[in-house]
Q: 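Structure in structure tokens, see below.
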2 protein chains.
Amino acid sequence: MVRAADVSLRILQMIAFAETPLGVTQVAQGVGIAKGAAHKHLRTLMDHGMVLQDPLTSLYLLGPKIWLMGQKAPEGQVLSEIAAPLMRSIRDELGLAVVLSVPTPKSAFVLATLPSNQPINIGVRPGSELLLHSSAQGKIFLAFGGRELREALREPLPRATPKTQTQLPNLLAELEDIRRLGYATAPEEAMLGINALAAPILDRSGKLIGSIGLIGSIQHLAAEPPPALLDRLFTLTATIGKRL
Amino acid sequence: MVRAADVSLRILQMIAFAETPLGVTQVAQGVGIAKGAAHKHLRTLMDHGMVLQDPLTSLYLLGPKIWLMGQKAPEGQVLSEIAAPLMRSIRDELGLAVVLSVPTPKSAFVLATLPSNQPINIGVRPGSELLLHSSAQGKIFLAFGGRELREALREPLPRATPKTQTQLPNLLAELEDIRRLGYATAPEEAMLGINALAAPILDRSGKLIGSIGLIGSIQHLAAEPPPALLDRLFTLTATIGKRL
DNA sequence: CCAGTTGTTCTCGTATAGAGAACAGTGTTC
DNA sequence: GAACACTGTTCTCTATACGAGAACAACTGG
């Protein structure tokens, strides 16, 4: 781990996901270093065009180069443009929150989300990383992904709620079921009162690309999903897979 | 300048703009450090999800987080989605290369391009940075941008070709003309045999957002642009400005 | 006009980044 | 099938450069 680079990357993320442009002082205390040091990091980021400084307010905001680099990332471009309209239609139809995520070595990375349209709505923040063993999408990745993803299971499984599955043998058995049935649920495993239903997005060759998850309270999304709901989800993921 | 962060950012860009996934060795000699050190940097980038490693080939490629961050950059999202279809139509109509760029403190940053559709075609690489004083788009930014952009003129003006304007007073006079006429040209100032014509993209409040440039050989794009061509360019930039 | 903010520039001691070598895999070649 | 030529990864050690802290400059608002 390169410490200085780590700091710069944290600063970059901070600026990227901040609601408003940030000043040196906020950045400094955000990453926990001295103001002067933060300034040096910001200058480095500016030299690379990753960040630029508003000439009027002298606050720092994200530069255009980040956008350009983002265009080069395969997942986003393809998946989101294809999936976005389909996700919207299923959300409007079912009223549940819809989440698109892709696998990373240790988590399910949330690329895009649509919150549910209930008065009390449930959402997932894009950019968050769901644990592999305690989320529906994570379990999809464990079940359908390459062997390297299951490496993460060697370490003890942290408990998110009392219902989180922390026994490795039980989890492995569940993964078998998931592979067989083609979907995963996680009733109150990530958060009490909340359930999720997820299915994999596979390309034509059967390779795992990502997953679509539906999130809802246990009231709206039962632990045993009704067949009609499953069908709807499967047609969605199959359509996305075909259009890749 | 934070050296370690600089190295990591160079590596990140290298991976982002590489044609194919890269290995540790290529990265190391690309940025000029030892293999072991490069490995440490790559791990740091991976920890942040900026980069990930193909489990099969163990080559490094761009991670999904970069895409997500790119979505947050204001310029790209808005400008490119609005401008892209309009740029395409003007390219097909005129046959000239079309370039969309935004201002940075020291250059015109190229966000998106369309190469000309001639047999011998001319293009501009996205991500490149055009000098402010020796390119049509750069001169647009100097003329229409904030005062801070003109700070760059305090330093001596490098000569790109024999025709590059390197005399500050002459350049300032030209900027006056550009402001008055609403367009800039740069015949053979950036590259011999090539001319460019550019106009600013202004939002409703008149603030400079970016510029559209047309690039062609001096044969296809005369130093004195015909009125019809100017009209076409002005309607394009005006349309983009309105849709912001 | 002064107090309390900003962002920026210093200096200096210490943590750390990078060179280099050794290690561990993988595929190629003879 | 064994030696080879590559990969990516891990290690040790020292010159280096990072970050704490303080001082500075430039604004803002009471």
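Within every chain, numbering begins at 1; the chains are lettered A, B, ... in the order of the sequence lines, protein sequences first and strands thereafter. Scope of the values below: all heavy atoms of this structure, side chains included, with no hydrogens, waters or symmetry mates.
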Q: Using a strict threshold of under 4.0 Å (side-chain N to carboxylate O), is an ion pair present between B:Asp6 and B:Arg3?
A: no
Q: With a 4.0 Å cut-off on N to O distance, would you call B:Glu129 and B:Lys106 a salt bridge?
A: no
Q: In whole angstroms, how far is the C1' atom of D:dC27 from the CG atom of A:Leu56?
A: 14 Å
Q: In whole angstrom, give the distance that lies between atom CG of A:Leu42 and atom P of D:dG19.
A: 12 Å
Q: C:dT6, OP1 or OP2 - any side-chain N/O from A:Tyr60 closer than 4.0 Å?
A: no
Q: Please confirm whether the backbone N or O of B:Thr161 pairs with a side-chain atom of B:Thr164, one donor and one acceptor, at under 3.5 Å?
A: yes
Q: So, using salt bridge (charged side-chain N to carboxylate O under 4.0 Å, His left out) as the criterion, who are the partners of A:Glu176 when residues are at least two apart?
A: A:Arg179
Q: Tell me: CG of A:Leu61 to P of C:dG7, nearest whole Å?
A: 13 Å
Q: Side chain of B:Ser58 only, heavy atoms from C-beta on: which candidate in D:dG8, D:dG19, C:dG18 is closest?
A: D:dG8
Q: If you count the non-hydrogen atoms of other residues, nucleotides and ligands that lie under 6.0 Å from CE in B:Met14, is the total more than 12?
A: yes
Q: Just by modelled atom types, is the B:Pro103 backbone N or O under 3.5 Å from a matching donor or acceptor in the B:Ser107 side chain?
A: no
Q: Take atom CG of B:Asp6 and atom P of D:dT16, then tell me their distance rounded to the nearest Å.
A: 18 Å
Q: Quick one: is B:Arg3 getting a side-chain N or O under 4.0 Å of the C:dG18 phosphate, OP1 or OP2?
A: yes
Q: Looking at A:Gln53, I'd like to know whether one of its side-chain N or O atoms comes within less than 4.0 Å of OP1 or OP2 on C:dT6.
A: no
Q: Both A:Ala4 and A:His39 contact DNA chain C. Taking the nearest nucleotide for each, which residue is further toward the 5' end?
A: A:His39
Q: Would you name the heavy atoms of A:Pro200 and A:Thr237 that are closest together and state the gap between them?
A: O-CB, 3.4 Å
Q: Please check if the side chain of A:Thr113 supplies one atom and the backbone of A:Val124 the other of a donor-acceptor pair under 3.5 Å.
A: yes
Q: Take atom CZ of B:Arg10 and atom C1' of C:dG18, then tell me their distance rounded to the nearest Å.
A: 13 Å
Q: How many Å lie between CG on A:Leu45 and P on C:dG7, as a whole number?
A: 16 Å
Q: Calculate the interatomic distance between B:Asp54 atom CG and C:dT26 atom P; express it in whole Å.
A: 15 Å
Q: Please give, in whole Å, the distance from C:dA17 P to A:Lys40 NZ?
A: 13 Å
Q: According to a strict under-4.0 Å criterion, is A:His41 in side-chain N/O contact with OP1 or OP2 of D:dG19?
A: yes
Q: What residues in residues 145-154 of chain A put a non-hydrogen atom under 4.0 Å from any atom of DNA chain D?
A: none
Q: Test your reading of the model: is there a side-chain donor-acceptor pair from B:Arg125 to the backbone of B:Val110, 3.5 Å cut-off?
A: no
Q: Among residues 25-37 of chain B, which contact DNA chain D at a heavy-atom distance under 4.0 Å?
A: B:Thr25, B:Lys35, B:Gly36
